[in-house]
> 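Input: one structure, supplied below.
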Amino acid sequence: MASKRVLLLCGDFMEDYEAMVPFQALQAFGVAVDAVCPGKKAGDVCRTAVHVLSGAQTYTETVGHNFALNATFDEVDAASYDGLLLPGGRAPEYLAHIPGVVELVTKFVSLGKQIASICHGQLILAAAAGVVKGRKCTAFPAVKPVLVAAGAHWVEPDTMAATVVDGNLITAATYDGHPELIRHFVKALGGTINGSDRKILFICGDYMEDYEVKVPFQSLQALGCHVDAVCPSKKAGDTCPTAIHDFEGDQTYSEKPGHAFSLTATFDDVDPSSYDALVIPGGRAPEYLALNESVIALVKHFFETKKPVASICHGQQILSAAGVLKGRKCTAYPAVKLNVVLSGATWLEPDPISRCFTDGNLVTGAAWPGHPEFISQLIALLGIQVSF
């Protein structure tokens with residue numbers, strides 16, 4: 001049983017990353033996270049928004065994943081939690097006007113609980129009388145007038161990754177600040193991180209699944225790991241478009257456009273011997289990456305040197321093409337079962353879809369709902385420990 005428990009306060013059209021990244025990262029680190037929304041109960045969903053800064057005077061918005069709640073708002077007892085998380089997006093605009101939400105936030109503050117809020121989430125803090133008065137905080141720049149009016153000491157974000165800590169209040173400007181925000185939140189909850197001096201490589205491609213790259217990428221950064229993302233024929237600073245794959249009642253997943261994911265290194269400059277582990281996201285990218293001989297050579301290096309490899313969903317198409325699965329036990333998205341079995345591996349049924357497996361140096365998962373297990377099993381192989 002998790003020793004720490006936090007509440008994630010959700011609403012329709014909260015920012016997609018700003019809900020799921022901390023939700024799954026904290027679970028991977030051993031923290032229990034309850035996600036609730038006013039007027040909804042456990043098992044209901046919140047729709048999310050994908051916000052991207054793409055050169056216009058403000059962010060663009062498209063529809064994101066459906067986020068499943070795992071607790072009921074009306075049953076929340078603030079005293080039973082150690083902390084509160086407030087995602088941004090458009091949800092805070094209306095959540096800040098719901099008396100029950102304001103009362104709940106005020107209760108968390110009066111009890112001295114740890115509070116982490118990001119982007120537009122600070123609108124809710126401003127609505128709770130006295131919560132930000134005299135406190136240093138940042139937010140998405142458009143939230144500045146409200147915070148100043150509420151008596152906050154505004155800290156201008158020098159980058160969109162800016163994070164500010166003032167006592168039990170942690171605020172960040174956008175989801176770019178997730179690694180620092182989550183790291184500070186873990187520390188505030190009494191957590192310690194050991195063994196994180198690791199260097200990890202992600203093989204990316206156009207239309208990889210949005211969550212399946214961003215959640216593990218920022219989770220590992222939050223631990224203090226050095227994480228690089230590369231894509232064939234692209235260089236550091238370039239972006240990959242991503243795909244949102246969701247389960248919406250059809251016979252297979254739906255697809256919507258996701259965030260643009262920024263690469264941190266240049267594929268042609270990568271020295272695989274300098275990395276401690278490899279991560280392969282799913283989505284549609286693995287279909288064509290599996291045809292790239294340089295990608296195959298890179299994957300083979302990690303298996304030949306017995307370094308940890310973590311692959312999720314359709315990522316196993318690359319492993320299959322590399323011929324590294326023979327004699328292995330692994331799972332994948334069910335539609336990839338044929339690739340896995342024909343490559344000589346023993347198929348492990350992902351039941352439920354969040355199930356992940358470790359076989360030697362290989363961690364495999366079926367889909368993004370399994371991220372907490374996926375990340376937890378990878379960091380175990382890396383010798384990273386998070387304790388509370």
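Numbering of residues begins at 1 and proceeds along the displayed sequence.
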> Would you say the side chains of D176 and H178 form a donor-acceptor pair under 3.5 Å?
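No, no side-chain donor-acceptor pair sits under 3.5 Å.
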
> Tell me whether K256 is salt-bridged to D210, with the criterion being a basic N under 4.0 Å from an acidic carboxylate O.
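No, this pair does not count.
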
> In this structure, would I312 and L381 fall into the same cluster of hydrophobic residues linked by side-chain contacts under 4.5 Å?
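Per the 4.5 Å side-chain linkage, I312 and L381 are co-clustered.
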
> Would you give the length of the straight line joining atom CG of L85 to atom CG of L9, rounded to the nearest 0.5 angstrom?
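The CG atom of L9 is 10.0 Å from CG of L85, to the nearest 0.5 Å.
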
> Could you go step by step and tell me if N339 and Q316 meet the side chain to side chain donor-acceptor pair (under 3.5 Å) rule?
CA-CA 8 Å; N339 301 66; Q316 285 80 305; over 6 Å; no

> Is any side-chain N of the basic residue among R284 and E209 closer than 4.0 Å to the acidic one's carboxylate O?
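Answer for the salt bridge query: no.
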
> Which word best sums up how the rings of Y17 and Y175 line up, parallel for under 30°, tilted for 30 to 60°, or perpendicular for over 60°?
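Because their plane-to-plane angle is over 60°, the rings of Y17 and Y175 count as perpendicular.
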
> Using side-chain heavy atoms (C-beta onward) and a distance below 4.5 Å, is M160 in contact with P141?
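Yes; the side chains approach each other to less than 4.5 Å.
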
> For R355, give me all partners under salt bridge (Lys or Arg N to Asp or Glu O under 4.0 Å), at least two apart in sequence or on another chain.
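R355 satisfies salt bridge (Lys or Arg N to Asp or Glu O under 4.0 Å) with no other residue.
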
> Identify the two heavy atoms, one from I353 and one from P334, that lie closest to each other, and give their separation to 0.1 Å.
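Residues I353 and P334, closest heavy atoms: CD1-CD, 3.9 Å.
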
> Please check if the side chain of D166 supplies one atom and the backbone of R135 the other of a donor-acceptor pair under 3.5 Å.
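Answer holds: no.
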
> Between OG1 of T239 and CZ of F261, what distance do you get to the nearest 0.5 Å?
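T239 OG1 to F261 CZ: 10.5 Å, rounded to 0.5 Å.
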
> Okay, side chain of T72, backbone of A42: is any donor-acceptor separation there less than 3.5 Å?
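Yes; judged by distance alone, with no hydrogens or angles, the pair exists.
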
> Does a side-chain heavy-atom distance below 4.5 Å link F13 with E61?
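Yes, side chains in contact.
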
> Strictly by modelled atom types, are H245 and E255 linked by a side-chain donor-acceptor pair under 3.5 Å?
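The criterion, which ignores hydrogens and geometry beyond distance, is satisfied for E255 and H245.
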
> Using atom types as modelled and distance alone, determine if a side-chain donor or acceptor of D206 lies under 3.5 Å from a backbone N or O of C240.
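Looks like no, no N/O pair under 3.5 Å.
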
> So, are D268 and K234 salt-bridged, with charged N and O less than 4.0 Å apart?
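Salt bridge absent between D268 and K234.
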
> Begin from the C-alpha positions of E248 and N66 and carry the test side-chain contact (heavy atoms from CB on, under 4.5 Å) through to its verdict.
CA-CA 8 Å; E248 300 181 293; N66 293 312; 3.0 Å; yes

> Determine the minimum heavy-atom distance between A162 and T138, stating which atoms define it.
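That closest heavy-atom pairing would be O-CG2, 4.0 Å.
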
> Between I182 and Q218, is the side-chain contact (heavy atoms from CB on, under 4.5 Å) condition met? List the steps.
CA-CA 9 Å; I182 295 168; Q218 289 196 316; 5.7 Å; no

> Do V227 and V21 sit in one hydrophobic cluster, given that two such residues count as connected whenever their side-chain heavy atoms are within less than 4.5 Å of each other, even indirectly?
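Same cluster.
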
> Would you say the side-chain atoms of D82 and Q114 include a donor-acceptor pair closer than 3.5 Å?
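No - no donor-acceptor pair under 3.5 Å links their side chains.
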
> Any side-chain to backbone donor/acceptor pair from K40 onto V45? Under 3.5 Å, distance only.
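Checked: pair present.
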
> Distance-only, no hydrogens or angles: does the Q24 side chain make a donor-acceptor pair with backbone N or O of W368 under 3.5 Å?
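Side chain of Q24 to backbone of W368, a donor-acceptor pair under 3.5 Å: yes, one is there.
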
> Once ring-ring contact (aromatic ring centres under 6.0 Å, His included) is applied, do any residues pair with Y288, and if so which ones, sequence neighbours excluded?
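For Y288, no residue satisfies ring-ring contact (aromatic ring centres under 6.0 Å, His included) once neighbours in sequence are set aside.
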
> Taking D276 first and then K307, would you say they form a salt bridge - that is, a charged N and a carboxylate O separated by under 4.0 Å?
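K307 and D276: not salt-bridged.
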
> Grouping I, L, V, M, F, W and Y whenever their side-chain heavy atoms are under 4.5 Å apart, do V146 and L125 come out in a common cluster?
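In one cluster: yes.
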
> Going by salt bridge (Lys or Arg N to Asp or Glu O under 4.0 Å), name the residues that satisfy it together with D238, two or more places apart in sequence or in a different chain.
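Salt bridge (Lys or Arg N to Asp or Glu O under 4.0 Å) check on D238 returns K235.
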
> Using the ring centroid of each side chain, check whether F388 and F29 are separated by less than 6.0 Å.
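F388 vs F29: aromatic centres not under 6.0 Å.
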
> State plainly whether one hydrophobic cluster holds both V213 and Y253, where clusters connect Ile, Leu, Val, Met, Phe, Trp and Tyr through side-chain heavy atoms under 4.5 angstrom apart.
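Yes.
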
> Do you know which two heavy atoms are closest between A96 and V102, and how far apart they sit?
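Scanning both residues, the minimum pair turns out to be O-CG2, 3.5 Å.
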
> Please examine the side chains of P145 and L147, heavy atoms only from C-beta on, and report whether any two atoms are closer than 4.5 Å.
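When only atoms from C-beta onward are counted, P145 and L147 do not touch, as no gap falls below 4.5 Å.
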
> Report the distance from atom CG of D16 to atom CZ of F67, rounding to the nearest 0.5 Å.
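So the gap between those two atoms works out to 9.0 Å.
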
> Testing the basics here: between L169 and C137, what is the closest heavy-atom pair and its distance to 0.1 Å?
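Between these two residues, the closest heavy atoms are CD2-CB, 4.5 Å.
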
> Quick check: are there more than 12 heavy atoms from other residues, nucleotides or ligands sitting under 6.0 Å from OH of Y207?
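12 or below, so no.
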
> If you round to the nearest 0.5 Å, how far is OG of S354 from CZ of F374?
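Those atoms lie 13.5 Å apart.
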
> Please report the closest heavy-atom contact between Y333 and F247, naming both atoms and the distance.
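Closest approach of Y333 to F247: CE1-CE2, 3.9 Å.
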
> Does any non-hydrogen side-chain atom of L69 lie less than 4.5 Å from one of C46?
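C46 vs L69: side chains touch.
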
> I'd like to know if the side chain of T305 and the backbone of H301 have a donor-acceptor N/O pair within less than 3.5 Å.
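Yes, T305 side chain to H301 backbone: donor-acceptor pair under 3.5 Å.
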
> Would you tell me whether S273 and D271 have side-chain atoms, one donor and one acceptor, within less than 3.5 Å of each other?
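Note: S273 and D271 side chains meet the donor-acceptor criterion.
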
> Does the pair K300/E293 count as a salt bridge with the N-to-O cut at 4.0 Å?
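E293 and K300: not salt-bridged.
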
> Is any side-chain heavy atom of V336 closer than 4.5 Å to a side-chain heavy atom of C313?
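The answer is no; the side chains never approach within 4.5 Å.
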
> Taking everything shown except K199 itself, do over 12 heavy atoms lie less than 6.0 Å from its NZ?
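Yes, because the 6.0 Å sphere around NZ of K199 holds more than 12 heavy atoms from other groups.
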
> Can you find a heavy atom in the side chain of V299 that is under 4.5 Å from one in the side chain of I280?
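In contact.
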
> Quick one: OG1 on T171 to CD1 on I115, what's the gap to the nearest 0.5 Å?
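Going from OG1 on T171 over to CD1 on I115, the span is 12.0 Å.
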
> With a 4.5 Å limit on heavy-atom distance, are the side chains of F267 and C231 in contact?
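They are not in side-chain contact.
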
> For the backbone of C225 and the side chain of S196, can you confirm whether one donor and one acceptor N or O come within less than 3.5 Å of each other?
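Between the backbone of C225 and the side chain of S196 there is no qualifying donor-acceptor contact (under 3.5 Å).
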
> Roughly how far apart are S219 OG and R183 CZ, rounded to 0.5 Å?
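The CZ atom of R183 is 12.0 Å from OG of S219, to the nearest 0.5 Å.
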
> In the single-linkage hydrophobic clustering (I, L, V, M, F, W, Y; side-chain heavy atoms under 4.5 Å), do L378 and F217 co-cluster?
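Yes, it is one cluster - the side chains of L378 and F217 are joined through contacts under 4.5 Å.
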
> Give a yes or no answer on whether the side chain of T60 reaches the backbone of V52 with a donor-acceptor pair at less than 3.5 Å.
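Side chain of T60 to backbone of V52, a donor-acceptor pair under 3.5 Å: yes, one is there.
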
> Just by distance, do the side chain of S376 and the backbone of E373 share a donor-acceptor pair under 3.5 Å?
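No: the side chain of S376 does not pair with the backbone of E373.
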
> Do we see a donor-acceptor contact under 3.5 Å between the side chains of D246 and S254?
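Short answer, no.
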
> So, the side chain of Q122 versus the backbone of I118: is there a donor-acceptor pair under 3.5 Å, distance only?
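Between the backbone of I118 and the side chain of Q122 there is a qualifying donor-acceptor contact (under 3.5 Å).
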
> What's the verdict on side-chain contact (heavy atoms from CB on, under 4.5 Å) for F303 and V309, showing C-alpha distance, side-chain angles and the deciding distance?
CA-CA 8 Å; F303 277 88; V309 175; 3.8 Å; yes

> Please lay out, stage by stage, how E212 and H371 fare under the test side-chain contact (heavy atoms from CB on, under 4.5 Å).
CA-CA 8 Å; E212 289 172 7; H371 277 148; 3.8 Å; yes

> For the residue pair D34 / Y81, report whether a side-chain donor-acceptor contact shorter than 3.5 Å exists.
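Yes, side-chain donor-acceptor contact under 3.5 Å.
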
> R5 versus V31: any side-chain heavy-atom pair under 4.5 Å?
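A side-chain contact is absent here, since even the closest heavy-atom pair is not under 4.5 Å.
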
> For the residue pair C204 and L289, what are the closest heavy atoms and their distance?
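For C204 versus L289, the nearest heavy atoms are O-CD1, 3.6 Å.
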
> Does NZ or CZ of K113 lie under 6.0 Å from the centre of the six-membered ring of F108, at an angle within 45° of the ring axis?
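Geometry flag: not set, cation outside 6.0 Å or 45°.
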
> Answer with yes or no whether the side chains of T364 and S311 bring together a donor and an acceptor at under 3.5 Å.
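The criterion, which ignores hydrogens and geometry beyond distance, is not satisfied for T364 and S311.
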
